[in-house]
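Convention: sequence-line order gives letters A, B, ...; per-chain numbering from 1.
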Amino acid sequence: MITVTLPDGTPLQLEDGANGHAAAAAIGPGLAKAALAVNVDGEIRDLARPLPDGADIAIVTSKSGGDYLYVLRHTAAHVLAEAVQELFPGTRFGFGPPIEDGFYYDFELPRALSEEDFPAIEAAMRTIAKNRAALERSVLDIDSAREFFAARDQGYKVDQVEFLAGRGETDVSLYQQDGFIDLCQGPHLHDTGGIGAFKLLSVAGAYWRGESTNPMLTRLYATAFPTQTELDAYLERVELAKARDHRRLGRDLELFHFDDAGPGFPFYLPKGMIIVNEIQGAVRQELDRLGYQEIRTPMILSEDLWKSSGHWDHYHENMYFTQVDEQGFAVKPMNCPGACLVFRSRRRSYRELPLRLAEFGHVHRHELSGVLHGLFRVRAFTQDDAHIFCRLDQVHDEVRTVLEFIDRFYGRFGFNQVKTKLSTRPAKAAGTAEMWDRAEAALAQALEGRDYELNPGDGAFYGPKIDFQVTDSMGRAWQLGTCQLDFSMPEAFELTYTSETDTEERPVIIHRAILGSIERFLGILIEDTGGDFPFWLAPEQVRVVPVADRHREYADEVRDLLRAEGLRADTDSRAESMGRRIRDGELHKVPYLLIVGDREVESRTASVRARHGDEIGDLPLIEIAAALLARDIVGAVG
RNA sequence: GCCGAAGUAGCUCAGCUGGUAGAGCAGCCGCCUUGUAAGCGGCAGGUCAGGGGUUCGAGUCCCCUCUUCGGCUCCA
């Protein structure tokens, strides 16, 4: 007998080898009929698969929300594949899984597809759905499956059968509807009629198994929902997200610029620079509090340096090179070697440790042209970097302090959900196994008492790392900070300090960044806020709008008063209607507009309007600056 | 880098099967003097991404390059 646990916590006893069908039947005949799949410890499986002893299970039906969507989209992917098979005979099939917001299917097609082909494919899918073809599951042993797909010239399926065989599978399942039969684990709907409302979204290239050495397949992205209403709501959400696209807002709000003269190299415009300076100012405040010292190291350094640091071997394809006086130089892709040279610039005593050297380091990395993406993926960016030189026994406290830094700092930008990941030794690693063991153990120890995920093999080439992720207002996760331990570079640069007993000892380095890249952080911030920056970051915090020309002088006086209080204020005295100037203020997302006319001049006040038309009312001039700052502190600024 | 798509005024986009570019917004100049999201009129603005080709003639067709967009891969 095996025991599984149902969602309400009740245990269910079943025969050994019992599957989802049996579990559903044991609960009730109604459920047995409605059952589509079973969620086993978070994984959605076919009902025909035996359940493992001790699992948490939930029977998936059309009422199961996300799990149901998964099954529906998986089936929709098969319908898409069938449609493509009909329209393009000779197509070879890759993978076609459900994903976050929909599903895709990879094909090797006789000709290139474009969006112009979508209507025909969608029409074919609709016909298939209307026919309500049943999806029938069958099982083949590995050898028969290999033969089966080889006979149909489905090389990618053969490849996958081989892969499964290599994993020790003896049988594989297939699903068939109409004339389309696919190697597939399932689960699926009963028939193609249930796939609801669907839409093809885009066509893209994708390497087979994601390996750039493999052939490039054509990937069709699509989505499906039970009803048209839900599909429409999704499409609307996508449109809304587009309006928040930082590339668009960056241009509209005049924050930054990209030019053909420098692909991937951002230009900061005056308003963007204000935000960057505010962000860096906030970081500097914390640096001071935590005993960091700020440095700046050169942009271009000798090739020899990069050879000894290991970057030449491990990072070459991402670096830029140049000649100076017939000597080879490289543009820095990281700041660590520079920081090491600062450490080495004179003898160091144990009394100086931990030596915390911070740098807003502007680094250049040669990224593949196809990956550039606004501020999210650029070829030059500024890291809020720091290198902490310390003794091994100081690592624990230093890492704890970094954790604390991160916890308090992200909140200032409204990111309150922080996920932590520990990444260990990658395949391509510098240094000895013993170094790695010690480094990994030290980080794991510092993380004690904190929730974190393990990310094996994802460390930097010089050491393991802790990464920090936040979730934005649209539910998207972003990697920001990182904290990496390095025994390798101190060795490479032969860094030493003089100990209490007058011996020369080797320090370890903690590399850490809180925001990661200022560029990318700004991009995230733009999309998170939709351009409605918190008051302290807004490039223009207050705009004074005089009702008529005769109020201009007073408006200037109000502006000057606010500036004297340290606020970024302007007046808009253009010969435009007031409605127009208020609208412009809104479009530029100025947090506060102060309207001043006869009444305000008379009473020495201003009528305060917050973004999005929120009326605050009349405030006396002398109170405005304090009032606005106070609102910001309680987070009232939308 | 690879696959696919696109590139027309600062922005958003028209420009049919080749016959020498057009709108709205923004900008500039006037008028209006205004009470919480677009007042009115005028003017100016493009080597149609760049280069080559086909043609009597190319924004439109072909080739190459660049850039951008959507992905793959990679990462801050």
Side-chain angles (χ1 to χ4, degrees), chain A residues 104 106 108-109 112-117 201-221 242 245 247-248 251-252 254 257-264 315 317-318 333-335 361 363 365-385 458 460 465 467-468 478-482 511 513-521 523-524 545-552 573-588 593-600 607-617:
Chain A
Y104 67 78
D106 288 341
E108 189 177 85
L109 290 151
L113 280 192
S114 77
E115 298 196 6
E116 286 162 27
D117 297 303
L201 299 175
S202 63
V203 50
Y207 299 109
W208 170 240
R209 291 192 189 283
E211 300 276 346
S212 59
T213 48
N214 285 341
M216 171 87 52
L217 307 178
T218 301
R219 177 171 296 178
L220 285 178
Y221 281 95
K242 256 191 217 161
D245 190 309
R247 293 168 295 188
R248 179 192 199 84
R251 190 178 57 220
D252 291 352
E254 295 182 271
H257 166 74
F258 282 96
D259 199 281
D260 284 1
Y315 214 72
E317 66 275 22
N318 284 307
M334 294 187 194
N335 305 301
V363 297
R365 298 184 183 176
H366 182 251
E367 302 291 348
L368 295 178
S369 57
V371 307
L372 302 178
H373 181 92
L375 289 178
F376 287 160
R377 204 55 198 284
V378 292
R379 283 176 167 162
F381 58 99
T382 313
Q383 297 179 306
D384 62 326
D385 210 352
D458 215 31
K465 59 177 183 175
D467 286 325
F468 304 92
W478 299 100
Q479 209 232 285
L480 299 182
T482 183
H511 306 246
I514 306 300
L515 302 177
S517 145
I518 303 285
E519 282 71 9
R520 199 170 73 158
F521 186 74
I524 293 166
V545 178
V547 173
D549 279 355
R550 63 180 178 280
H551 312 116
R552 286 171 70 158
S573 303
R574 288 176 303 158
E576 298 286 354
S577 68
M578 212 193 76
R580 169 56 167 276
R581 285 174 290 149
I582 287 171
R583 179 165 193 268
D584 286 347
E586 288 284 350
L587 291 176
H588 284 95
L593 297 179
L594 306 190
I595 315 300
V596 294
D598 290 333
R599 290 200 305 269
E600 289 77 14
S607 163
V608 182
R609 175 195 162 109
R611 255 188 307 230
H612 308 303
D614 300 335
E615 197 77 38
I616 293 179

Residue mapping more 5' on RNA chain B - nearest nucleotide basis, Arg365(A) or Val547(A)
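Upstream on the strand: Val547(A).
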Name the residue closer to the 5' end of RNA chain B, choosing between Trp208(A) and Gly516(A) according to the nucleotide with the nearest heavy atom.
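Nearest-nucleotide comparison on RNA chain B picks Trp208(A).
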Nucleotide opposite [N] in a Watson-Crick or G-U pair, distances under 3.5 Å:
{"N": "A5(B)", "value": "U68(B)"}
{"N": "U73(B)", "value": "none"}
{"N": "C40(B)", "value": "G30(B)"}
{"N": "A23(B)", "value": "U12(B)"}

Touch check for [X], heavy atoms < 4.0 angstrom, all strands: base, sugar-phosphate only, or nothing?
{"X": "Gly210(A)", "value": "sugar-phosphate"}
{"X": "Glu367(A)", "value": "base"}
{"X": "Ser369(A)", "value": "base"}
{"X": "Gly597(A)", "value": "base"}
{"X": "Arg219(A)", "value": "sugar-phosphate"}
{"X": "Tyr104(A)", "value": "nothing"}
{"X": "Asn318(A)", "value": "nothing"}
{"X": "Glu576(A)", "value": "base"}
{"X": "Asp260(A)", "value": "sugar-phosphate"}
{"X": "Glu254(A)", "value": "nothing"}
{"X": "Arg550(A)", "value": "sugar-phosphate"}
{"X": "Ala575(A)", "value": "base"}
{"X": "Val378(A)", "value": "base"}
{"X": "Arg248(A)", "value": "nothing"}

Could you give the distance from [atom1] ([X]) to [atom2] ([Y]), rounded to the nearest 0.5 Å?
{"X": "Ile518(A)", "Y": "Leu375(A)", "atom1": "CD1", "atom2": "CG", "answer": "11.5 Å"}
{"X": "Ile524(A)", "Y": "Leu480(A)", "atom1": "CD1", "atom2": "CG", "answer": "5.0 Å"}
{"X": "Phe376(A)", "Y": "Arg520(A)", "atom1": "CZ", "atom2": "CZ", "answer": "8.0 Å"}

Span that lies between the [atom1] atom of [M] and that of [N], in whole angstrom:
{"N": "C66(B)", "M": "C11(B)", "atom1": "C1'", "value": "22 Å"}
{"N": "U68(B)", "M": "U34(B)", "atom1": "P", "value": "49 Å"}
{"N": "G59(B)", "M": "G19(B)", "atom1": "C1'", "value": "13 Å"}
{"N": "G24(B)", "M": "U20(B)", "atom1": "C1'", "value": "25 Å"}
{"N": "A38(B)", "M": "C75(B)", "atom1": "C1'", "value": "44 Å"}
{"N": "C13(B)", "M": "C62(B)", "atom1": "C1'", "value": "27 Å"}
{"N": "C48(B)", "M": "A21(B)", "atom1": "C1'", "value": "8 Å"}
{"N": "U65(B)", "M": "G1(B)", "atom1": "C1'", "value": "16 Å"}

Counting only side-chain N and O atoms of [X], is one of them less than 4.0 Å from OP1 or OP2 of [N]?
{"X": "Lys242(A)", "N": "U12(B)", "answer": "no"}
{"X": "Arg581(A)", "N": "U33(B)", "answer": "no"}
{"X": "Arg580(A)", "N": "G39(B)", "answer": "yes"}
{"X": "His373(A)", "N": "G70(B)", "answer": "yes"}
{"X": "Ser577(A)", "N": "G39(B)", "answer": "yes"}
{"X": "Arg247(A)", "N": "C69(B)", "answer": "yes"}
{"X": "Arg251(A)", "N": "U12(B)", "answer": "yes"}

In whole angstroms, how far is the [atom2] atom of [N] from the [atom1] atom of [X]?
{"X": "Phe258(A)", "N": "C66(B)", "atom1": "CZ", "atom2": "C1'", "result": "17 Å"}
{"X": "Arg574(A)", "N": "U34(B)", "atom1": "CZ", "atom2": "C1'", "result": "14 Å"}
{"X": "Asp584(A)", "N": "A26(B)", "atom1": "CG", "atom2": "P", "result": "8 Å"}
{"X": "Arg520(A)", "N": "A76(B)", "atom1": "CZ", "atom2": "P", "result": "8 Å"}

With the criterion set at under 5.5 Å between ring centres and under 30 degrees between planes, would A76(B) be stacked on Phe381(A)?
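Yes; centroid distance and tilt both under limits.
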